[in-house]
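What follows is a set of notes on a single structure, which appears directly below.
Whatever order the structure lists them in is the order used to number ligands and atoms, beginning at 1. One is the number of the first residue; the rest follow in order along the sequence.
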Amino acid sequence: MTRDGELSFRDSVDLMFNRAVRLMDLSPGLEQKIRVCNSTYTVRFGVRLRGKIETFTGYRSVHSEHMEPVKGGIRYALSVNQNEVEALAALMTYKCALVETPFGGSKGGLCIDPRAWDEHELELITRRFAYELIKRDLIHPAQNVPAPDMGTGEREMAWIADQYKRMNTTDINGNACVTGKPTYAGGIQGRVEATGRGVQYALQEFFRHPEDKAKAGLTGGLQGKRVIVQGLGNVGYHAAKFLSEEDGCIITAIIERDGALQCDTGLNVEEVHQWMAKQGTIQGYPSAAFVEDGTYLLEADCDILIPAAMEGVIHKDNAANIKAPLIIEAANGPVTFGADEILRTKGVVIIPDMYANAGGVTVSYFEWVKNLSHIRFGRMQRRAEEARSRLLVEELERLSADQDLGWTLAPGFKDKFLTGSDELALVRSGLEDTMRTAYQAMRKVWHERDDVDDLRTAAYIVSISRVATAYRSKAL
Ligand code: NAD
């Protein structure tokens, strides 16, 4: 229990788990085995910086090894603690099972404000943290594969991969020890955007089902829907950008750590993002109203609320005031257990984190497979696919000319049809398929079982039953 009477993140996740297992037929022993976190390693290490030794505290938590490697991001934030890392590791187990990536769940974190250190210092700190984890096989292509999370990105992943390879010079699969790397260092096209892109695919799939929209009191498609986004980092920026530029959503507010921007006719996400990158803040952005107490806007009128910053932002004190009929949890754990109960009784539909932000781990899975197969996706097939399409088009054109049929192909059709799929197209296709398939598994439970009235419980039931099946086939 935290000071404000709210449950801790870990307790919140466990209670959501308990709510689902009560509706399942698992033995108490198996239920307990799945719930508990297998291990958490805490490391305190020193780095000589600015003329003195600075000590840092980091964690790597392994929630479940029913499949290996275990997978989960590394977060850099001052608020990182064991409870949070364990909650996030548990969510990774359920997330990986839900989207059928062959991993157990893990998570890491380092208590640090990354903005307080320059790039060279961050590299020294990251390499030292990685060294501590690598020497204990807590970073390893076959056992434990981290990825980016809050406060980390491609740059940190490239340092980690390089550190692993320096310490394991004969491991031919070294690049697969971490995902989310830049493409020049063994990464994959489409990984940076993946979590936000997954949020977009999740919403597109939700809006394909009239019964699901009806539960939230929504109609029509995404076009014109008013959206509020909290957090314009990797996940929030990409989700808001794609939804506004490709689906016609109107981003009416962006909430950041130092305030919020509001504009009823719609914010230009790319412009705001560039302003933030240059100025380091959203303050002063000229084309929108600035609201100092940004969190207030979580309660503003909109069709879709996207918390994409951090956990616990919708809690017992503000849940009753939330006006959005649909919340999609792009961040991990943004709605506490207490808030979830309040929102359920209000009839708010929540697309849960373990599904909504699974785009990241899905594309990380593709990257890991690419690293193990040592070949870029599409390299063998793309030109063969183009040649086959060209044969067909040329035959149609010949027939038309020979028979004097006067057929002409629609403008642009030929170019589109003749272009084979490159890596980015294949990654997006694989991600879309994953998001659609997982949503359908979840909604089947939601609609078919009378005792399940929300998507979160449905998601837990799907993933826990998959983890249980894996454990049953193991000698424990
Ligand atoms: P990030 O560090 O890139 O961005 C976080 C953003 O939130 C920043 O712009 C920050 O200024 C803002 N922010 C921080 N505290 C805030 C507050 N109190 N109010 C409003 N804004 C605040 O992080 P990210 O990678 O985008 O991750 C965001 C969330 O998504 C986290 O919960 C993370 O666990 C989850 N997630 C990330 C990924 C991924 O691939 N990066 C994958 C799955 C889940």
Revision key, fill the gap. Quick note, ring-ring contact (aromatic ring centres under 6.0 Å, His included) partners involving residues 79-106, not counting sequence neighbours, are Phe17-Tyr94, His63-Tyr94, Tyr94-Tyr460, Phe103-Tyr365, Phe103-Trp368
Practice item. Hey, could you give me each pair passing ring-ring contact (aromatic ring centres under 6.0 Å, His included) that has a residue in residues 316-349? Not counting sequence neighbours. Key: none
Point to revise | Full working for side-chain contact (heavy atoms from CB on, under 4.5 Å) between Thr101 and Thr434 | key: CA-CA 9 Å; Thr101 52; Thr434 303; 5.9 Å; no
Check your understanding: Going by the angle between their ring planes, with limits at 30° and 60°, are Tyr164 and His140 parallel, tilted or perpendicular?
Key -> perpendicular
Exercise for review: Report the distance from atom OH of Tyr59 to atom CG of Asn83, rounding to the nearest 0.5 Å.
Suggested key: 10.0 Å
Are there any protein N or O atoms under 3.5 Å from the N or O atoms of ligand 1? List them with distances, or say none.
{"unit_1": "ligand 1", "atom_1": "2 (O)", "unit_2": "Gly151", "atom_2": "N", "d": "3.1"}
{"unit_1": "ligand 1", "atom_1": "3 (O)", "unit_2": "Asn234", "atom_2": "N", "d": "2.9"}
{"unit_1": "ligand 1", "atom_1": "9 (O)", "unit_2": "Gly233", "atom_2": "N", "d": "3.4"}
{"unit_1": "ligand 1", "atom_1": "9 (O)", "unit_2": "Glu256", "atom_2": "OE2", "d": "2.6"}
{"unit_1": "ligand 1", "atom_1": "11 (O)", "unit_2": "Glu256", "atom_2": "OE1", "d": "2.5"}
{"unit_1": "ligand 1", "atom_1": "11 (O)", "unit_2": "Glu256", "atom_2": "OE2", "d": "3.4"}
{"unit_1": "ligand 1", "atom_1": "11 (O)", "unit_2": "Arg257", "atom_2": "NE", "d": "3.0"}
{"unit_1": "ligand 1", "atom_1": "11 (O)", "unit_2": "Arg257", "atom_2": "NH2", "d": "3.4"}
{"unit_1": "ligand 1", "atom_1": "21 (N)", "unit_2": "Arg257", "atom_2": "N", "d": "3.3"}
{"unit_1": "ligand 1", "atom_1": "26 (O)", "unit_2": "Asn234", "atom_2": "N", "d": "3.2"}
{"unit_1": "ligand 1", "atom_1": "26 (O)", "unit_2": "Val235", "atom_2": "N", "d": "2.9"}
{"unit_1": "ligand 1", "atom_1": "32 (O)", "unit_2": "Arg75", "atom_2": "NH2", "d": "3.4"}
{"unit_1": "ligand 1", "atom_1": "32 (O)", "unit_2": "Asn332", "atom_2": "N", "d": "3.1"}
{"unit_1": "ligand 1", "atom_1": "34 (O)", "unit_2": "Arg75", "atom_2": "NH2", "d": "2.9"}
{"unit_1": "ligand 1", "atom_1": "34 (O)", "unit_2": "Asp149", "atom_2": "OD1", "d": "2.7"}
{"unit_1": "ligand 1", "atom_1": "34 (O)", "unit_2": "Asp149", "atom_2": "OD2", "d": "3.2"}
{"unit_1": "ligand 1", "atom_1": "34 (O)", "unit_2": "Asn332", "atom_2": "ND2", "d": "2.9"}
{"unit_1": "ligand 1", "atom_1": "40 (O)", "unit_2": "Thr195", "atom_2": "OG1", "d": "2.8"}

Review point. Taking only residues two or more places apart in sequence or in another chain, which ones pass salt bridge (Lys or Arg N to Asp or Glu O under 4.0 Å) with Asp453?
Key: Arg344
